[in-house]
Colleague: 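This is the structure, below, for whatever I ask next.
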Amino acid sequence: MLLTRPSYVRPALALLASVPLLLGLVGCSASGDDAVGAVAVAGAGGDDEQADLRVSEATLHPGDPVPRPSGKVVLVVRGGTTTNVGDELRLDLAQLDSLGTVEYAVDDDLATGGRATFSGPLVRTVLELAGADEGTTMRTEALNDYLVDVPVTDATELPLMLATRMNGKRMSVANYGPTRFVYPTEGYGLDPVTYDPRWIWQLRSIEVE
Amino acid sequence: MRLLRGQGPRGVALGVLGFLMLAVSVAVSADLVVGSRDTARRIDETQALIEADPRTLGQVQRELLRLELLLRERARPADVRLGEQFVTQRVRESALPKQRDVLGSQALVQEAQEVEDRWLTQVRPYVRESLGKGDRAADARLAAIEGISRLEEDYNTLAAAGEINRRQQAAAASETTADMLWDMRRMLVLLSLLFIAGIAFTVIGAWLLVRTNRHRLSALRNLEELNEELTFYSRVVQATDSALVATDRMGHVTWVNEAFERTTGYRLDEIRGRRAADFLTGETTSREVLRQIDEAGARGLPIRTELAQYTADGEEFWVSLDLSPLHSDAGELEGFFGVLTDITERHEAEELLTAARQAAEASAQEKAGFLATMSHEIRTPLNAVLGLTDLLLLTELDEEQRDYTETAHQSGNHLLALVNDVLDYSALEAGRLEYANQPFSMAQLLDETLTMFVANAEAKGIELRLRQSPDVPPALRGDAMRLRQVLVNVVGNAMKFTEQGSVSVDCDLVGSPWGHRLEVVLRVTDTGIGIPRWRIPDLFRSFVRGDASSTRQYGGTGLGLAISRRLVEAMGGTIDLESEVGVGTTVTIRMVHDRVEEEPPPVPRAAQAVLDHSERRVLVAEDDVVNQKVVVRMLGRIGIVPTVVENGREAVEAVRTGAFDTILMDVEMPVMDGLRAVRLIRDTDLPVQPWIVALTANALSGDRDRFLAAGMDDYVSKPVTLDALSGALDRSRVGHVAG
């Protein structure tokens with residue numbers, strides 16, 4: 001209904017063609033531009049832009065054999081072609097850092113309730129490392145048993161970050177850590193209804209299908 | 001252009017409606033703008049409700065319960081630590097500003113923050129402490145459990161309060177949605193109405209446009225046709241030779257055509273605004289006609305008349321004026337339209353004709369007067385001649401003297417007949433004869449008439465026969481005198497043209513003898529010379545006789561049959577003549593008479609007996625000495641010695657002083673005429689009124705009534721004969737006795 005409302009208004013506007021109504025239309029659109037703008041900028045991001053976000057270069061590249069984690073495992077990826085423990089790819093923080101990290105600031109209203117700068121590898125890179133970037137869905141699971149399906153396209157088309165640090169600091173479980181998905185809150189016009197649930201925190205594992 | 005009138009109001013109405021529509025549109029727009037801002041705000045709230053994650057409160061409770069369980073079960077410190085971290089995370093999360101959407105109010109958010117603060121400062125330290133060793137840890141564990149429990153309750157309360165808020169907000173959102181729906185419907189209805197109105201207006205507008213266009217086209221066409229018509233009329237009007245003039249209601253000239261200008265010599269710009277009567281009329285123009293024209297004009301009626309008019313040069317000309325009122329469409333008199341046709345020539349011809357007719361009439365009048373005078377003048381001396389020869393024949397005469405005297409007497413009679421004929425004919429021509437409708441006896445009439453011819457028949461050796469049908473009643477109603485005149489004429493003719501054989505008169509009744517109206521046929525048959533068939537129609541015309549030479553042979557005026565026919569026809573009858581040359585002639589007279597029930601007054605027949613009048617006292621009033629002598633001698637022949645006076649006055653005096661049985665009164669006398677004298681006598685109180693007989697040479701018809709009206713009892717036409725006088729005296733005696 002929210003989306004269809006202007007379509008009712010417009011024929012009226014066209015019919016009446018009155019200046020006051022045009023002014024009214026301006027008023028209406030202003031209140032609804034969150035929704036309207038989303039479509040306009042979707043997919044505007046690209047590799048070049050994401051490259052600008054990069055803060056550290058990768059030492060571990062997709063296709064490279066991944067050694068068993070030496071530190072505490074912070075993420076388990078299943079369903080990929082690359083594994084290191086059984087049929088899982090277990091990664092510690094150092095390994096994630098070695099994938100090359102990006103950093104950007106977002107309005108973290110959902111978790112910490114304010115503006116924060118996150119850094120970490122792109123989820124895309126993690127999936128490529130795991131050889132799971134051909135999949136369609138990431139079944140993600142949190143430490144607190146929260147489950148959410150995220151399309152692989154989010155990772156391939158957006159600078160979806162597997163954040164390992166907030167404001168340059170490691171994140172405790174109490175602080176939504178140790179890893180969490182971070183979506184850009186500016187420039188992409190992502191619909192909160194769809195995307196808010198995908199901001200999974202206290203991430204434990206990703207199972208790609 | 002009149003056709004296009006009336007489109008204005010409709011156009012205005014359409015404009016007003018259009019303006020109203022626009023106004024409604026603007027109003028709807030304004031309402032929509034205001035409503036949409038409000039709605040947008042509400043929708044933001046709804047959006048917030050949608051985006052809010054109410055699970056957080058449940059999750060914090062879950063983590064609290066799990067941590068409490070861990071503490072109660074004295075779980076491994078690592079697990080407790082993790083649980084504590086989960087709780088911390090959830091507690092933090094549940095105190096975020098975004099929870100306002102979940103909790104529904106800032107107050108609850110603040111409460112959540114207070115709870116978080118309690119967790120961080122009052123409960124979490126116990127949890128951490130409980131991971132140590134010793135009693136303090138045990139106490140801390142218990143305090144932590146208790147704190148967690150309370151926190152859990154707090155969150156439960158928060159969740160409940162939040163839920164209430166959420167419900168209210170959801171209801172409000174739902175209401176907003178309903179409002180929005182309602183607004184939407186209203187808007188849709190309005191838009192539909194506007195749309196329909198728009199279509200209607202478009203259709204009406206288009207229709208009006210088409211119609212107006214059509215009207216304009218037809219008006220243009222009409223104008224063109226009118227123009228052509230006007231041009232045509234204009235040409236006709238200018239081409240005609242009749243002078244045409246148009247005036248306003250008051251008769252002031254507004255327009256004339258070229259013919260008018262040519263005829264009258266006035267140009268339109270000279271006479272525009274003037275009354276035609278002021279410059280067209282002159283001294284010979286009939287005031288009466290002008291008055292009639294004015295009257296017709298005042299009443300708005302058309303008039304057609306003729307009158308004399310004058311040109312600018314003062315020349316008279318006659319016109320036939322045809323003046324018609326012009327009425328407006330509303331029926332009001334707008335003016336007049338006159339057609340003047342020059343009838344000068346015709347008028348002159350008519351004038352000549354009228355003059356000729358008047359001259360002819362005057363001439364005829366003079367002739368009639370002359371005739372009357374002449375007949376009177378002729379009769380007076382004739383009276384003396386006949387009277388005296390009549391008397392002379394009664395004296396002792398030798399054979400030769402008697403022969404001369406008789407010839408003279410006959411010539412006099414002949415002359416009298418001629419004069420009478422001429423007089424009758426002129427009277428007939430003038431239509432002045434009058435007819436009596438008195439009872440009479442047909443038998444007596446026939447007898448008397450034939451008796452007149454007995455001597456003549458004997459002299460000529462002709463047999464005179466009378467046959468009368470017994471069906472003919474004794475008394476009929478009609479003019480016996482005229483009938484006798486006709487019969488005398490016809491029988492006289494028969495006698496005249498018959499040398500041998502017979503003349504017979506038959507009287508028959510045709511049809512029923514019992515009816516009220518009886519048709520009587522009188523047939524006079526002779527064995528005379530006859531008349532050629534082809535001449536018969538001429539006989540009844542004036543002055544025509546069977547043979548032109550017969551005038552010389554037989555004498556007479558030739559007026560007889562013509563007069564007879566006129567008399568018979570005037571009395572409602574017919575007269576026909578059949579004849580064969582050498583064999584004879586039959587004249588048939590058909591008359592219709594009314595039956596008379598009573599007997600006619602018995603008139604003693606002269607032939608029966610000569611009454612003795614010697615005892616009668618007779619007064620004669622006569623101015624002419626010769627006539628006095630004639631009358632006195634004639635009266636002397638029947639034994640009467642009259643008293644003679646010379647005028648009416650003397651007669652009146654004589655009546656007053658002496659008694660008279662009978663007065664013979666000349667009509668025309670000096671001093672006092674007969675009629676006046678009679679009136680005076682009738683006014684005089686006498687023991688017995690005398691029987692007064694008029695003696696007159698005024699033999700013209702109509703006089704008789706005049707005499708009787710004046711008081712006369714009878715009249716005798718001059719020249720007086722002995723028979724006539726004797727008959728009058730007989731009647732006077734009978735009348736007197738009867739009276």
Side-chain angles (χ1 to χ4, degrees), chain A residues 1-35 107-114 142-146 148 171-178 180 190-197 199 201-202 204, chain B residues 21-44 46-48 50-53 55-56 59 62-63 66 81-93 95-99 101 120 124 177 180-181 183-184 187-188 190-191 194-195 198:
Chain A
M1 177 153 292
L2 182 75
L3 288 171
T4 54
R5 186 173 55 87
S7 71
Y8 281 101
V9 174
R10 286 206 177 105
L13 296 181
L15 247 169
L16 303 175
S18 68
V19 175
L21 208 64
L22 280 170
L23 290 173
L25 179 66
V26 172
C28 290
S29 333
S31 62
D33 66 355
D34 285 351
D107 291 327
D108 191 24
D109 297 332
L110 291 172
T112 55
L143 296 172
N144 61 10
D145 304 332
Y146 177 71
V148 68
M171 298 182 290
S172 64
V173 171
N175 205 20
Y176 304 90
R180 57 183 285 197
L190 304 180
D191 176 18
V193 175
T194 308
Y195 286 91
D196 282 0
W199 286 60
W201 57 64
Q202 298 171 336
R204 177 193 285 161
Chain B
M21 249 175 73
L22 206 67
V24 169
S25 305
V26 171
V28 169
S29 310
D31 184 50
L32 208 66
V33 170
V34 174
S36 73
R37 284 184 180 285
D38 201 36
T39 309
R41 193 173 49 74
R42 293 296 194 101
I43 283 166
D44 285 347
T46 313
Q47 181 71 7
I50 291 164
E51 290 173 16
D53 186 0
R55 289 178 309 139
T56 308
Q59 283 163 340
R62 175 178 180 249
E63 297 302 342
R66 277 170 63 177
R81 230 175 264 124
L82 190 59
E84 176 258 311
Q85 288 217 24
F86 282 134
V87 169
T88 303
Q89 182 261 315
R90 289 298 184 190
V91 166
R92 277 185 69 186
E93 194 187 348
L96 286 175
K98 69 165 185 176
Q99 296 301 340
D101 295 337
L120 291 175
R124 193 169 71 171
T177 309
M180 212 164 67
L181 267 172
D183 281 351
M184 212 63 86
M187 204 167 68
L188 277 172
L190 270 171
L191 287 178
L194 284 173
F195 186 67

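Sequence lines set the chain letters: A, B, ... in the order given, protein chains first and strands last, and positions in each chain run from 1.
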Colleague: Treating Lys98(B) as the side-chain partner and Leu110(A) as the backbone partner, does any N or O pair qualify as donor plus acceptor under 3.5 Å?
Modeller: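 Confirmed, Lys98(B) side chain pairs with Leu110(A) backbone.
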
Colleague: Taking side chain as everything from C-beta outward and backbone as N, CA, C, O, which of these in Glu84(B) sits under 4.5 Å from a heavy atom of chain A? Side chain, backbone, both or neither.
Modeller: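 Neither the backbone nor the side chain of Glu84(B) comes within 4.5 Å of chain A.
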
Colleague: Rounded to the nearest 0.5 Å, what separates atom CD in Gln89(B) from atom CE in Met171(A)?
Modeller: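 Here the interatomic distance stands at 11.5 Å.
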
Colleague: Looking only at heavy atoms and a cut-off of under 4.5 Å, which of Asn144(A), Leu143(A), Asn175(A) has the most pairs with chain B?
Modeller: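 Of Asn144(A), Leu143(A), Asn175(A), Asn144(A) has the most heavy-atom pairs under 4.5 Å with chain B.
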
Colleague: Would you say the side-chain atoms of Gln85(B) pair up with the backbone N or O of Val173(A), donor to acceptor, closer than 3.5 Å?
Modeller: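 Yes, because the side chain of Gln85(B) sits within donor-acceptor range (under 3.5 Å) of the backbone of Val173(A).
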
Colleague: If I compare all heavy atoms of Leu96(B) with all of Asp109(A), which pair ends up nearest, and what's the gap?
Modeller: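 It is CD1-O, 3.6 Å.
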
Colleague: Asp108(A) versus chain B, heavy atoms under 4.5 Å apart: side chain, backbone, both or neither?
Modeller: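 Neither part.
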
Colleague: Which value, rounded to the nearest 0.5 Å, describes the distance between Glu93(B) atom CD and Tyr176(A) atom OH?
Modeller: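 Taking CD in Glu93(B) and OH in Tyr176(A), the distance rounds to 4.5 Å.
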
